[in-house]
Amino acid sequence: MRYPPLKREEMTEAQRRVADAIDQRRVGGLSGPYIPFVYSPEVADRAQMLAEYLRFNLHVPEPLRFLSVLVTARHQSADVEFYVHMKNAVVAGLTEAKVKALSQGRRPEGMTDDEEMVYDFCTELHSTGHVKDTTFWRVANRFSREVCLELTVTCGYMALLAMVLNVTETPFPEGAQKPLDPPTLR
Amino acid sequence: MTRYPPLRREDMYFEQRRVADAVAERRKGGLAGPFLPLAYVPGILDRLQQLGEHLRFDTGLPRKLLEMAILITARHTQAQVEFYVHCRPAREFGVTDETIAALAEKRRPDKLDEDEALVYDFCTELHGRGRVSDELFARAEKRFGKAVILDLVATCGYYAMLAMVLNVTETPLPAGAVPPFPVPAH
């Protein structure tokens, strides 16, 4: 195991302070990637504050926010990240068929106009680092420039978190089936 | 059409002004580069910049290696501005011109010391596959330890996120600057 969970008595003062703070303020407490992340407490603390904002304060409609998260998790081959968001994505309004297509790295069929423009935005962003004019203005005109930035930073942050999950080998929930098929695309 | 016309102070709402002033005050280069368009979403500007400030100045990763990781990340995400701006600190902290030139061409530099080689391999694999092999993780752990590995991962993730912001907002290169590498039409 690359990052055995730190026991309280093993933690430095800084690690304990951040572990407690995240445990208190985060929905879900200190879990998932934040358990290994507290090995570097100050980075974990600041990263989680950004995450908190991105989770609760965006002007991106919920199904589309989940769409951007799932596209990112697939791009990064992060099974844990995909898994922990896929059920809520369906609750938020993405269909199971679309989630399935995303898990296989396919473009979902029958997307709404809104889903399509966000899918294109996030896919282009991950594959080239850029977003074409037509793609940018489609989202900016339908929503706003602010939403374009919010989507960009959501893709960026979820990619960062995916790397943390993958590098720390954060364990997959016991008994659950890994959703990504094939496991890696690149 | 300009994607993010710089916000004039008289057009900013209260929270935009508050955060723009705070960032201008605490950040060495003031409110500039990607942080200008980020003022459109002050909640993100504030939290992103606080994460970045820590990663750049306060982690356990030696500055030379940090700057190298940033250049590799900027090249991977095709962010000319990020690469250009970080050439100077990279040189100041001891990355050679030959190494910088190779990174701009996306090839492995010929002469790397042991630390540089490790960071090059780690960041390249992380960006390429979203994870790192056991062999590479073991090498990095022996040299840096688990906490600094997380700092390196977060640095790659953060600067990729910032690169996406620079690219999506089309933040311009400084006047007269020669682009460090070409970016294909996207």
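Please read these numbers as outputs of a predicted model, since none were measured by experiment.
Among the residues in residues 4-18 of chain B, those with a non-hydrogen atom closer than 4.5 angstrom to a non-hydrogen atom of chain A are B:Y4, B:P5. Residues of residues 44-66 of chain B lying under 4.5 angstrom from chain A, judged on non-hydrogen atoms, are B:I44, B:R47, B:L48, B:Q50, B:L51, B:E53, B:H54, B:L55, B:T59 by number. At a heavy-atom separation below 4.5 angstrom, chain A is approached by no residue within residues 111-118 of chain B.
With a threshold of 4.5 angstrom between heavy atoms, A:L165 does not approach chain B through any atom at all. Neither the backbone nor the side chain of B:A160 comes within contact range of chain A, judged by heavy atoms closer than 4.5 Å. Using a 4.5 Å cut-off between heavy atoms, A:E52 makes no contact with chain B at all. Residue contact with chain A, scored on non-hydrogen atoms closer than 4.5 Å, is absent for B:T155. Contacts of B:F137 with chain A are made by side-chain atoms alone, with heavy-atom separations under 4.5 Å and no backbone atom involved. Using a 4.5 Å cut-off between heavy atoms, A:P36 contacts chain B through its backbone alone, with no side-chain atom that close. Using a 4.5 Å cut-off between heavy atoms, A:Y157 contacts chain B through both its backbone and its side chain. Looking at A:T168, only its side chain comes within 4.5 Å of chain B, counting heavy atoms on both sides. For chain A, the nearby parts of B:L38 are the backbone and the side chain; heavy atoms of each come within less than 4.5 Å.
A salt bridge links A:D120 to A:R107: at least one charged side-chain nitrogen sits closer than 4.0 Å to a carboxylate oxygen. Taking a cutoff of 4.0 Å between a charged side-chain nitrogen and a carboxylate oxygen, B:D121 and B:R108 qualify as a salt bridge. The residues A:R138 and A:E116 are annotated as salt-bridged, a charged nitrogen and a carboxylate oxygen being separated by less than 4.0 angstrom. Classification of A:E9 and A:K7 as a salt-bridged pair fails, no side-chain N sitting under 4.0 Å from a carboxylate O.
Around atom NZ of A:K100, no more than 12 heavy atoms belonging to other residues, nucleotides or ligands sit under 6.0 Å away. Other residues, nucleotides and ligands place no more than 12 heavy atoms under 6.0 Å from the CD atom of B:E25. Residue-environment remark: CZ (B:R107) exceeds the threshold of 12 foreign heavy atoms within 6.0 Å.
Contact count against chain A (heavy-atom pairs under 4.5 Å) is highest for B:V168 among B:T77, B:V168, B:V148. For the set A:M49, A:M163, A:R145, the entry with the most heavy-atom pairs within less than 4.5 Å of chain B is A:R145.
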field: Check against side chain to side chain contact (heavy atoms under 4.5 Å, CB included), B:Y159 and B:H86
entry: CA-CA 11 Å; B:Y159 280 95; B:H86 280 274; 3.9 Å; yes
- request: Tell me, with the steps shown, if A:E42 and A:R46 meet salt bridge (charged side-chain N to carboxylate O under 4.0 Å, His left out).
  value: CA-CA 6 Å; A:E42 193 63 37; A:R46 292 175 190 229; 3.0 Å; yes
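At a threshold of 4.5 Å between non-hydrogen side-chain atoms, the residues B:I149 and A:Y3 count as touching. You'll find the side chain of A:F121 stays beyond 4.5 Å of the side chain of A:L67, heavy atoms only.
We find the CZ-CG distance between B:F144 and B:L152 to be 7.0 Å, quoted to the nearest 0.5 Å. Here the CZ atom belonging to B:R129 is positioned 6.5 Å from the CZ atom belonging to B:R131, to the nearest 0.5 angstrom.
Side chains of B:D151 and A:S40: a donor-acceptor N/O pair is present below 3.5 angstrom, by distance only. Looking only at atom types and distance, the side chain of A:S144 has no donor-acceptor partner in the side chain of A:H59 under 3.5 Å away.
Linking ILVMFWY residues whenever their side-chain heavy atoms come closer than 4.5 Å, directly or via other members, places A:V18 and A:M11 in the same cluster.
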Contacts under 3.5 angstrom, residues 174-184 of chain B side chains, donor-acceptor by atom type, not counting sequence neighbours:
none

